[in-house]
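All values reported here derive from a predicted model rather than from experimental measurement. Proteins get letters first, then strands, A, B, ... in listed order; numbering begins at 1 in each. Hydrogens, waters and symmetry mates are skipped; everything else that's a heavy atom, side chains included, is used.
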Protein chains: 2
Amino acid sequence: MKLSTKGKYGVRAVYEIARHFGRGPITIKEIADRQGISFSYLEQILHKLGKAGLIESVRGPAGGYLLARKPAELTIGDIVRTLEGPIALSHCLEPGEAGDCYQADDCVARMVWTKVGAKIEEALDSISFEDLLTQQQVQQKEIILKPKKKAALAGKGVC
Amino acid sequence: MKLSTKGKYGVRAVYEIARHFGRGPITIKEIADRQGISFSYLEQILHKLGKAGLIESVRGPAGGYLLARKPAELTIGDIVRTLEGPIALSHCLEPGEAGDCYQADDCVARMVWTKVGAKIEEALDSISFEDLLTQQQVQQKEIILKPKKKAALAGKGVC
DNA sequence: ATATACTTGACAAAAATAGTCAGCTTTGTT
DNA sequence: AACAAAGCTGACTATTTTTGTCAAGTATAT
């Protein structure tokens, strides 16, 4: 039950694009630097999000990426579904593959994975990038108020 | 966002044990046959569930596996957590690894994965094996009432 | 004793993940 | 027109995870 780096990087990248909202396109390089993601790998990820219509690209000098919608209309779920495929916990729930289960309508597991999958979708779709921007502002204030906490941090991992 | 076969086989295996509840131990072989799972692989899975205290084993002839609790007190979440590890969508949320994220309390992604993870746990824990047994009885009735649907099924996949 | 069944650890093929790399196309600027 | 910035695209590869298999045990009821 893990997300791949694609999903995680994707959310963080789009978050950077969202932070840049209203200030023209942001380049892959800038996103990669800010988030510590490989440039080449990020290219792949952003391209996929672009093809899905979630972000838009501007070619040529001073180009880069833009949100295709307002931050409030773009959810974590949009990004995760695009990069990780449909949330089908079990193979037999993927579109077009339903008939593969030899137990089919006698299958109790099917009910379980359907129900849990729906809950996951619900959770992912309930969080927009505007929520993230708001959240970031709150956290920023907290850091200013308690600057000592920041000193304790080190390491190279990322969320 | 897929479950591994371990989690899926685990749920189906425990479901078989639950169906056998009150009738003494059921053997690995019988579970493997009924659910079409490799005997050796299932051994590993059941052993892990046994060590976690979710099921109990009886050795010797006429031995096998039993539920360690009543079906109503055993949830899908218990099985999935044991077989797939804690539901930590991102590495940085695993127990003991929190400090690894270089962004730590400035990290908005962290909030997201925590929130979604909690929803998943909630969904998994809301389904007990008693629910599955009840569900199965309902489905069984439906099959008897509409026997024609069953004829349309084929293939080898499983949920 | 012995047959049945669980225990444990080592091993291996196959698939998915996480990148890397090279060369291309588009477009604004001079 | 030429150039450089920036995205586009597909092929390739190393690593890790998954999905098992196999073999040699240990425990126990009859």
Item checked: Residue mapping more 5' on DNA chain D - nearest nucleotide basis, S40(B) or P61(A) -> P61(A)
Rounding to an integer number of Å, can you tell me how far [X] [atom1] sits from [N] [atom2]?
| X | N | atom1 | atom2 | result |
| --- | --- | --- | --- | --- |
| Q35(A) | dG19(C) | CD | P | 14 Å |
| R59(A) | dG7(D) | CZ | C1' | 5 Å |
| L42(B) | dG20(D) | CG | P | 11 Å |
| F39(A) | dA6(D) | CZ | P | 9 Å |
| I37(B) | dG20(D) | CD1 | P | 9 Å |
| L3(A) | dA18(C) | CG | P | 10 Å |
| E56(B) | dC6(C) | CD | P | 14 Å |
| K2(B) | dA15(C) | NZ | P | 15 Å |

Determine: side-chain N/O of [X] to OP1/OP2 of [N], distance under 4.0 Å, yes or no.
| X | N | result |
| --- | --- | --- |
| Y41(A) | dT17(C) | no |
| S38(A) | dT20(C) | yes |
| S57(A) | dA6(D) | no |
| T5(B) | dT19(D) | yes |
| Y9(B) | dT18(D) | no |
| S4(A) | dA16(C) | no |

Hey, are the side chains of [X] and [Y] touching, using non-hydrogen atoms and a 4.5 Å cut-off?
| X | Y | result |
| --- | --- | --- |
| L46(B) | I55(B) | yes |
| V11(B) | W113(A) | yes |
| V14(B) | L54(B) | no |
| P25(B) | Y65(B) | no |
| I127(A) | V116(B) | yes |

Margin query: By nearest heavy atom, map V58(A) and V58(B) onto DNA chain C; which one lands nearer the 5' end?
Written below: V58(B)
Checklist line | Main-chain N/O of G24(B) paired with H20(B) side-chain donor or acceptor, under 3.5 Å | finding: yes
Notebook entry, point to check: Are the side chain of D131(B) and the backbone N or O of S128(B) linked by a donor-acceptor pair below 3.5 Å?
Noted result: yes
Checklist line | Residue pair R34(A), E30(A): steps toward the salt bridge (Lys or Arg N to Asp or Glu O under 4.0 Å) verdict | finding: CA-CA 6 Å; R34(A) 277 178 186 264; E30(A) 187 165 355; 3.4 Å; yes
Show me the donor-acceptor pairs, under 3.5 Å and distance only, between side chains in residues 75-89 of chain B and residues at least two apart or in other chains.
from   : atom 1 : to      : atom 2 : distance (Å)
T75(B) : OG1    : G77(B)  : N      : 3.3
T75(B) : OG1    : D78(B)  : N      : 3.2
T75(B) : OG1    : D78(B)  : OD2    : 3.3
T75(B) : OG1    : D125(B) : OD1    : 3.3
D78(B) : OD2    : R69(B)  : NH1    : 3.4
D78(B) : OD2    : T75(B)  : N      : 2.9
R81(B) : NH1    : E121(B) : OE1    : 2.4
R81(B) : NH1    : D125(B) : OD2    : 3.4
R81(B) : NH2    : D125(B) : OD1    : 2.9
T82(B) : OG1    : D78(B)  : O      : 2.8
E84(B) : OE2    : S4(B)   : N      : 3.1
E84(B) : OE2    : S4(B)   : OG     : 2.8
E84(B) : OE2    : G7(B)   : N      : 3.1

Note to self: Taking NZ in K2(A) as the centre, count heavy atoms belonging to other residues, nucleotides or ligands within less than 6.0 Å. Is the count above 12?
What the structure shows: yes
Note to self: Can you pull out the residues from residues 44-51 of chain A that lie within a 4.0 Å heavy-atom distance of DNA chain C?
What the structure shows: Q44(A)
Next item on the list: For DNA chain C, find the residues of residues 75-83 of chain B with a heavy-atom distance under 4.0 Å and give them by number; none if there aren't any.
Entry: none
Check: Which part of the nucleic acid does K29(A) contact within heavy-atom distance under 4.0 Å: base, sugar-phosphate only, or nothing?
Finding: nothing
